[in-house]
Amino acid sequence: MKRIGMLTSGGDCQALNATMRGVVKGLNTLYKNVEIYGFLEGYKGLIYGNYRKLKPEDFSGILTKGGTILGTSRQPFKMMGFPTDDGIEKVPAMKETYNKLKLDCLVVLGGNGSQKTANLLSEEGLNVIGLPKTIDNDIWGTDMTFGFQSAVDIATDTIDCIHTTAESHSRVFVVEVMGHKVGWITLHAGIAGGADVILIPEIPYDIKNVYKAIENRAKEGKKFTILAVAEGAISKELADLPKKERKAKIAESPYPSVAYEIADQIQKKFGADVRVTVPGHTQRGGSPDSYDRVLSSRLGAKAAELIKDKDFGKLVVMKNGIVDTIPLAESAGKLKYVSPDDQLVQNAKTLGICFGD
Ligand code: F6P
């Protein structure tokens, strides 16, 4: 008999259910008797001992279902050392729940912060396996996270839809894509959607270069321009400020987000008809695409194999098309940023896409 705990933590994404299904299908192939305990709303469920004992049928029909059947919540890693509002010490409480249920392993589907907590629990002696979830694709050590490709597809669809209306009305459109710290979704969706300008947090922009890109298109007779702008895109002026001053400036901004500021600047410069479109959380919603269904099923199957091999303290990753593992400790605390030298950025520049640098 194996007793496995599972939780989904942090912002949701499209292939959480598909990944859990992969883990459970794998376990049911490798073992005769498996009990699955699903903790509700991420680490909160583990802290408060809120769980559901799940039956195999709970994992039927969820390959294509977005969201998470367990619910999720954000429990910041930096707060793990502090008690809950009702005075519960989080780490001891999580260990107690794990031990009470006599779990053989805890499987954590989560992004960066959640995997840091997974590593902490592993260092505290629990058997933990991490699975790399996030639309942002910023987990260090894996080429791909599940959720990313589905989010890129949605952001691309948005840019596609904007293309036709931008062209009809000869307008400049700013499409704001998710990603506060990293620009992977914007970079991929921008290229896939044929954006003329891509602005991402890792490459601070000079607005004058954006103006130039719009002028160049006008000289070529193109009356519309599409900008794909990450939520965390930042101007060179702001990027050059010390962190504290930068944060204060951003907090003081009269604009709801950077996309609106850029739109206003372009409007003032050219007197142009500028519009902003924010697909927002639609990028995290709906069904996983076929790529994510395959990826999450493979990652889930690997987690089941790790449990069979008692190979704990690992994050399951995808490297050069091969499903592999790295120690949780190796990935914890590092983000995978877009490098300005990344071949994808260079290819995009060769295509004539402006990054504002
Ligand atoms: O980390 C995933 C993500 O969707 C980011 O791309 C985005 O900036 C953030 O979460 C939004 O967070 P929330 O769901 O708390 O609004």
Side-chain angles (χ1 to χ4, degrees), residues 7-17 19 41-44 66-68 70-79 108-118 130-142 144-159 174-190 192-193 198-203 228-234 246-247 250-251 253 255-262 276-289 292 295-296 315 331-338:
L7 62 85
T8 55
S9 172
D12 73 342
C13 72
Q14 290 89 343
L16 284 161
N17 290 326
T19 308
E41 297 180 20
Y43 285 112
K44 217 198 256 180
T68 160
L70 297 181
T72 185
S73 66
R74 293 193 191 274
Q75 303 293 321
F77 171 76
K78 62 176 183 217
M79 298 306 286
V108 174
L109 288 73
N112 276 291
S114 308
Q115 296 305 343
K116 275 204 256 180
T117 301
L131 287 162
K133 166 238 73 163
T134 167
I135 62 164
D136 295 327
N137 198 28
D138 59 355
I139 297 184
W140 196 92
T142 186
M144 217 30 112
T145 59
F146 59 85
F148 171 66
Q149 198 57 59
S150 304
V152 169
D153 288 354
I154 292 169
T156 304
D157 271 353
T158 303
I159 299 173
V174 183
V175 180
E176 184 176 281
V177 178
M178 270 191 169
H180 270 298
K181 293 185 179 153
V182 302
W184 289 110
I185 309 178
T186 313
L187 179 58
H188 281 252
I198 293 178
L199 304 180
I200 60 174
E202 295 91 334
I203 306 178
V229 174
E231 289 171 308
I234 187 167
R246 183 167 68 233
K247 277 194 161 178
I250 293 172
S253 166
Y255 300 99
S257 65
V258 65
Y260 289 89
E261 181 177 3
I262 292 169
V276 176
T277 295
V278 184
H281 289 74
T282 63
Q283 292 162 94
R284 282 196 345 219
S287 301
D289 69 2
D292 269 334
L295 174 68
S296 55
L315 176 70
S331 174
K334 295 180 215 150
L335 275 192
K336 186 183 73 183
Y337 291 102
V338 175

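Note that the coordinates shown come from a computational prediction; the quantities given were computed from them, not determined experimentally. When a ligand or atom number is given, it counts from 1 through the structure's own listing order. When reading the values below, keep in mind they use all heavy atoms of this one structure, side chains included, and skip hydrogens, waters and symmetry mates.
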At what distance is the nearest protein heavy atom to [atom], and which residue and atom is it?
{"atom": "atom 16 (O) of ligand 1", "answer": "H281 NE2, 2.9 Å"}
{"atom": "atom 3 (C) of ligand 1", "answer": "R284 NH1, 3.5 Å"}
{"atom": "atom 8 (O) of ligand 1", "answer": "E231 OE1, 2.7 Å"}
{"atom": "atom 2 (C) of ligand 1", "answer": "D136 OD2, 3.3 Å"}

Do the non-hydrogen side-chain atoms of [X] and [Y] ever get within less than 4.5 Å of each other?
{"X": "E41", "Y": "Q75", "result": "no"}
{"X": "L7", "Y": "V108", "result": "yes"}
{"X": "I262", "Y": "L199", "result": "yes"}

Exercise for the section: Check ligand 1 against R74 and write out every atom of the ligand that is under 4.0 Å from a heavy-atom position of the residue. Expected result: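 Listed by number with element: 9 (C), 10 (O), 11 (C), 12 (O), 13 (P), 14 (O), 15 (O).
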
Exercise for the section: Within a distance under 4.0 Å of any heavy atom of G179, pick out the atoms of ligand 1 and give their elements. Expected result: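 Ligand 1 atoms under the 4.0 Å threshold to G179: 6 (O).
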
Problem - Heavy-atom pair of closest approach, residues I185 and V177 - result: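 Closest approach of I185 to V177, heavy atoms only: CG2-CG1, 3.6 Å.
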
Practice task
State if G111 counts as touching ligand 1 under the rule of any non-hydrogen atom under 4.0 Å.
Solution key: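 So G111 does not count as touching ligand 1.
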
Problem - Side chain, backbone, both or neither: the part of I185 lying under 4.0 Å from ligand 1 by heavy atom - result: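 Within the 4.0 Å criterion, I185 makes no contact with ligand 1.
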
Problem - Residues D12 and R284 bridged, charged N to O under 4.0 Å - result: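 Looking at R284 together with D12, the answer is yes, because their closest N to O distance falls below 4.0 Å.
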
Handout entry: More than 12 heavy atoms of other groups within 6.0 Å of K334 NZ
Key =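 Yes, because the 6.0 Å sphere around NZ of K334 holds more than 12 heavy atoms from other groups.
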
